[in-house]
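In what follows, a single structure is set out as structure tokens and then discussed.
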Amino acid sequence: MVIPQHVAIILDGNGRWAKSKGMPRNYGHSRGAKNLEVICEDAWNMGIKYLTVYLFSTENWKRSKEEVDGLMKLFRSYTKTCIKTAQKNNMKVRVLGDPTALDPDLQESLRKLEESSKDNTGLNFQIAINYGSRDEITRAVRHLAADVRDGKLAVDAIDEACISGYLDTREVPDPDLLIRTSGEQRLSNYLLWQLAYTEFYFTDVPWPAFNKDELWKAIEKFNSRDRRYGGVKEG
């Protein structure tokens, strides 16, 4: 069994799962956050080295004020818990996305989370918050263009590796496997550059119900794929 080095997950279905239980949407988000702690530990024990999850997109601001406020309250609690969990489980945490739209106290908590875990050597855990891939690429292009303007970068030096170095995921290998829960089959502006040769796995299971067995199913399906990266195998 080949274990993917890097797994990316779109954590979908929290609200629908809660509704099926007769509970408010934010109850589903709370249960989803608790499940994430479990899956992080399971992933590392399976041999996964990098786990990247989509917590809140640049488009999620369009949701109701009640839901967004509830999510921000949850993120405040989650980041504080994650600082302790990261130390306990030796996780290195990186934040993807543009934090400037978040409240200052949440920005500071995220900064502390990254800083306190930067020397850990276990699971590399990336959390995408106020993240959108088009926004990420736009910010990268602006930074790159500024470096060219300031003479720090030659135009001839711009190649794929150079561009990757300006993205939020610099120094992180591209995902081998993308999992999206709860039945939707689209990328939703997630890691568009990085997913160029990633295998996709879609499941109807909502995120709060996604467990170790479901993760193994995704890995088994990953092992059934023939990854040629655009080439053709001989014979």
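By the salt bridge (Lys or Arg N to Asp or Glu O under 4.0 Å) test, R139 is found to be paired with D135, D168, residues two or more places apart in sequence or in another chain being considered.
In summary, R16 and E184 engage in a salt bridge, as defined by a charged side-chain N under 4.0 Å from a carboxylate O. With respect to D119 and K92, no salt bridge is recorded, no charged nitrogen being found less than 4.0 Å from a carboxylate O. For the pair E171 and R94, the salt-bridge criterion is met [side-chain N within less than 4.0 Å of a carboxylate O]. Under 4.0 Å is where a charged nitrogen must lie from a carboxylate oxygen, and between E220 and K217 no such pair does. A salt bridge links K118 with E115: at least one charged nitrogen is closer than 4.0 Å to a carboxylate oxygen. With respect to K34 and E37, no salt bridge is recorded, no charged nitrogen being found less than 4.0 Å from a carboxylate O.
Remark: the backbone N or O of S109 is not paired with any side-chain donor or acceptor of E114 at under 3.5 angstrom. The backbone N or O of L123 lies less than 3.5 Å from no partner atom in the side chain of N90, so there is not a single donor-acceptor pair. Looking only at distances, a side-chain donor or acceptor of D176 sits under 3.5 Å from a matching main-chain atom of H6. Between the N89 side chain and the E41 main chain, no donor and acceptor come within less than 3.5 Å of each other. Side-chain N or O atoms of R180 include one that pairs as donor or acceptor with a backbone N or O of R186 at under 3.5 Å. A donor-acceptor pair under 3.5 Å links the side-chain atoms of S57 to the main chain of E59, judged by distance alone. Checking side-chain atoms of N124 against main-chain N and O of Y50 turns up no donor-acceptor pair under 3.5 Å. Listed for the N211 side chain is a donor-acceptor partner under 3.5 Å among the backbone atoms of D213. Remark: the backbone N or O of W17 is paired with a side-chain donor or acceptor of S20 at under 3.5 angstrom.
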Derivation of the side-chain contact (heavy atoms from CB on, under 4.5 Å) call for N60 and V68 | CA-CA 8 Å; N60 286 157; V68 170; over 6 Å; no
Worked check of side-chain contact (heavy atoms from CB on, under 4.5 Å) between F125 and V53 | CA-CA 8 Å; F125 181 43; V53 298; 3.7 Å; yes
Go through the steps to decide whether I127 and L96 satisfy the test side-chain contact (heavy atoms from CB on, under 4.5 Å), and finish with yes or no.
-> CA-CA 6 Å; I127 54 177; L96 311 181; over 6 Å; no
Take Y201 and F222, measure what side-chain contact (heavy atoms from CB on, under 4.5 Å) needs, and give me the verdict at the end.
-> CA-CA 8 Å; Y201 176 82; F222 171 81; over 6 Å; no
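Residues L144 and L153 approach most closely at CG-CD2, 3.7 Å, considering heavy atoms. Annotation for W207 and G32: closest pair NE1-O, 2.9 Å, computed over non-hydrogen atoms. The nearest pair of heavy atoms linking T100 to Q107 is O-NE2, 3.5 Å. Scanning all heavy atoms of the two residues, the minimum distance from G132 to N189 falls at CA-ND2, 3.5 Å. Residues C162 and D159 share a closest heavy-atom pair of N-OD1, 2.8 Å. Between F210 and I39, the shortest heavy-atom contact is O-CD1, 3.8 Å.
Atom CZ of R170 is surrounded by more than 12 heavy atoms from other residues, nucleotides or ligands within 6.0 Å.
A side-chain donor from one of W61 and N130 sits under 3.5 Å from a side-chain acceptor of the other. Looking only at atom types and distance, the side chain of W193 has no donor-acceptor partner in the side chain of S133 under 3.5 Å away. E136 and Y131 form a side-chain donor-acceptor contact under 3.5 Å, judged by distance and modelled atom types alone. Using modelled atom types and a 3.5 Å distance limit, the side chains of N26 and E67 yield no donor-acceptor pair.
Residues V93 and L110 form no side-chain contact, since every pair of their non-hydrogen atoms from C-beta on lies 4.5 Å or further apart. Side-chain contact between L195 and P175 is present, with at least one heavy-atom pair separated by less than 4.5 Å. Proximity of K112 to K80: side-chain heavy atoms (C-beta onward) are nowhere separated by under 4.5 Å. Considering only heavy atoms from C-beta on, L11 stays 4.5 Å or farther from S182 through its side chain. Looking only at side-chain heavy atoms (C-beta outward), V148 and I158 come within less than 4.5 Å of each other. Side-chain contact between P206 and T181: absent, with no pair of heavy atoms (C-beta onward) separated by less than 4.5 Å. In this structure, the side chains of I129 and V95 come closer than 4.5 Å at one or more pairs of heavy atoms. Residues V2 and I219 have side chains not in contact (no heavy-atom distance under 4.5 Å, counting atoms from C-beta outward).
Using cut-offs of 30° and 60° on the angle between ring planes, the pair F202 and F200 is perpendicular.
No continuous path of hydrophobic side-chain contacts links L191 to L177 [ILVMFWY only; heavy atoms under 4.5 Å]. Clustering ILVMFWY residues whenever any of their side-chain heavy atoms sit less than 4.5 angstrom apart, transitively, puts L187 in a cluster other than the one holding F56. One hydrophobic cluster holds both L51 and Y78 under the rule that ILVMFWY side chains link at heavy-atom gaps under 4.5 Å. Residues L192 and I10 fall within the same hydrophobic cluster, defined by Ile, Leu, Val, Met, Phe, Trp and Tyr side chains chained together at heavy-atom separations under 4.5 Å. Both M91 and I3 sit in one connected hydrophobic cluster of ILVMFWY residues. Membership requires side-chain heavy atoms under 4.5 Å apart, directly or through other members.
Atom CG of D69 is separated from atom CG of L74 by 12.5 Å, given to the nearest 0.5 angstrom. To the nearest 0.5 Å, atoms CD (Q185) and CG (D204) are separated by 8.0 Å. The OG atom of S116 sits 12.0 Å away from atom NZ of K84, with the distance rounded to the nearest 0.5 Å. Distance check, rounded to the nearest 0.5 Å: OG of S224 to CD of E199 gives 8.5 Å. Taking CG from L215 and OG1 from T203, the interatomic distance works out to 11.0 Å, rounded to the nearest 0.5 Å.
Within the structure, ring pair (Phe, Tyr, Trp, His ring centres under 6.0 Å) pairs that include any residue of residues 142-183 comprise H143-Y166 (at least two apart or interchain).
Relative to the ring axis of W44, K49 places its NZ or CZ within 45° and under 6.0 Å from the centre.
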